[in-house]
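Report on one structure; see the data block that follows.
All values derive from a computational prediction rather than experimental measurement. Proteins get letters first, then strands, A, B, ... in listed order; numbering begins at 1 in each.
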There are 2 protein chains.
Amino acid sequence: MSIQTRRERERAERERLIVTAARELAEAEGWDAVTTRRLAAEIEYSQPVLYSHFKGKDAIMAAVAVEGCAELAVELRAAREAASGARARLAAVGEAYTAFGRRRPALYDAMFTHAVDLPFATPEAPAPLQEAFGELVRAVEPIAADGDDVPLLTETFWASLHGLITLLRSARLPEADHARRLDLLIGHFTAGRV
Amino acid sequence: MSIQTRRERERAERERLIVTAARELAEAEGWDAVTTRRLAAEIEYSQPVLYSHFKGKDAIMAAVAVEGCAELAVELRAAREAASGARARLAAVGEAYTAFGRRRPALYDAMFTHAVDLPFATPEAPAPLQEAFGELVRAVEPIAADGDDVPLLTETFWASLHGLITLLRSARLPEADHARRLDLLIGHFTAGRV
DNA sequence: ACAGGTTGGCTAGCGCTGCTAGAATCGGGA
DNA sequence: TCCCGATTCTAGCAGCGCTAGCCAACCTGT
């Protein structure tokens, strides 16, 4: 029993090591630099070890994505709690969301851009994903009109933020006016509210 | 002179052949299936021929993207002209845009998702890109408030549509409620207008 | 303390990718 | 007809994700 648990603990630690190394490498040099060989070297094990923990590279990215969602949720919550008033809160959360996407582009891509087989909009979605979405819901709920489907409205708001970030980051939207675009978006979503 | 022009014409035709083959292959089997070997086989030339026309695979994708923008512009224009009233037109254009993204996912990715070094938000952007954006501008302009920066508002609206499509297509938003989300978006962008 | 068996990591390699150097071949001009 | 230049092909490089099969280290039971 003790030996078994020690082994399981060591395995779990190494799994954390893999995810952390993948994330740090991706944030430092982009996902293109995260090859299985490079990652194996980083954790000082051979390549096949990765495959005893994860089904493949995509699964490693998915694990990084889940970690990222947990952090995003924390940052969104902090932003919401720091502001007061329905509109200011939505603006703060929108700001925090886009700031996250720009500050941690590799992490953001793993979470929301890269094709991944994480269950998203279902009850089976990993808890951190639901928490992050829940933070958005809490920010959107106060500005919903009577009869609005709040989750659906949140999804729409989220998609708008996501579009702003991805187009901005791929240089399809000029960097300069990001804040003004975000303002316009918040304005239209909070039209007629405090 | 005659020989020279014939050669240039043949070269141009082959370049069209490459772009068309790349596009068809991508639409049929996705961009992962578009390898330089496969593409070379498709056009019945050897691999290096591709590199005498384009700098690399990304440049081929960029050429496909430009072609896609021209088509998108046509479809947006048709949608706008078929509808009447500011709000209905914006809705029709939004509908057409998202329908395009869902009907031609590979094309859409080349245009707006894949990292590409096409100049976008500058005067040097290829004409088809500017036309497609121009169509969006024409749809947004009537619902702009006094003092609104119309191009900026268009960019914001575009980003929202883009976010809806990408999250939908990556299964991060459930397929079912797409139309309702689009409705919500149009509603918020046209609040208080006809 | 030692043999047996199992667990687990490593070496080596497969088939693929984008891309390119240099050989070979084809076509037009003297 | 011969030659020269442009053009196309063959062959190969380095690197990718992933895996089969060998080998060693470790725990277990005597």
Between [N] atom [atom2] and [X] atom [atom1], what is the distance in whole Å?
X       : N      : atom1 : atom2 : result
A:Phe54 : D:dG17 : CZ    : C1'   : 16 Å
B:Glu44 : D:dT8  : CD    : C1'   : 15 Å
B:His53 : D:dC9  : NE2   : P     : 11 Å
B:Leu50 : D:dT7  : CG    : C1'   : 15 Å
A:Glu10 : D:dA25 : CD    : C1'   : 13 Å

Using the test side-chain contact (heavy atoms from CB on, under 4.5 Å), find all partners of [X] that sit at least two apart in sequence or belong to another chain.
X        : result
B:Arg23  : B:Glu27, B:Val64, B:Glu67, B:Glu71, B:Arg104, B:Leu107
B:Arg38  : B:Leu25, B:Glu29, B:Ala33, B:Thr35, B:Glu42
B:Pro174 : A:Ala121, A:Glu155, B:Arg181
A:Ala145 : A:Asp148, A:Arg193

Pairing residues for [X] by the side chain to side chain donor-acceptor pair (under 3.5 Å) criterion, not counting sequence neighbours:
X        : result
B:Thr156 : none
A:Thr122 : A:Glu124
B:Asp109 : B:Thr113, B:Arg169

Could you run through nucleotides 17-24 of chain C and give me one letter per nucleotide, 5' to 3': B if any protein heavy atom sits under 4.0 Å from the base, S if only the sugar-phosphate is that close, - if neither?
-> BBBBB---
Residues 156-166 of chain A vs salt bridge (Lys or Arg N to Asp or Glu O under 4.0 Å), sequence neighbours excluded, gives none
Using a distance-only test with no angle check, is there a side-chain donor-acceptor pair under 3.5 angstrom linking A:His53 and A:Tyr45?
-> no
ring-ring contact (aromatic ring centres under 6.0 Å, His included) contacts in which one or both residues fall within residues 63-96 of chain A, not counting sequence neighbours | none
Between A:Glu10 and A:Arg14, is there a salt bridge with N-O shorter than 4.0 Å?
-> no
Could you tell me whether the phosphate oxygens of C:dG9, OP1 or OP2, come under 4.0 Å of any side-chain nitrogen or oxygen in A:Arg14?
->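 Result: yes.
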Under a 4.0 Å heavy-atom cut-off, which of residues 19-29 of chain A touch DNA chain D?
->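 Within residues 19-29 of chain A, no residue comes under 4.0 Å of DNA chain D.
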Angle separating the five-pair end axes of the helix from C:dG5-D:dC26 to C:dA30-D:dT1, nearest 10°, is 30°
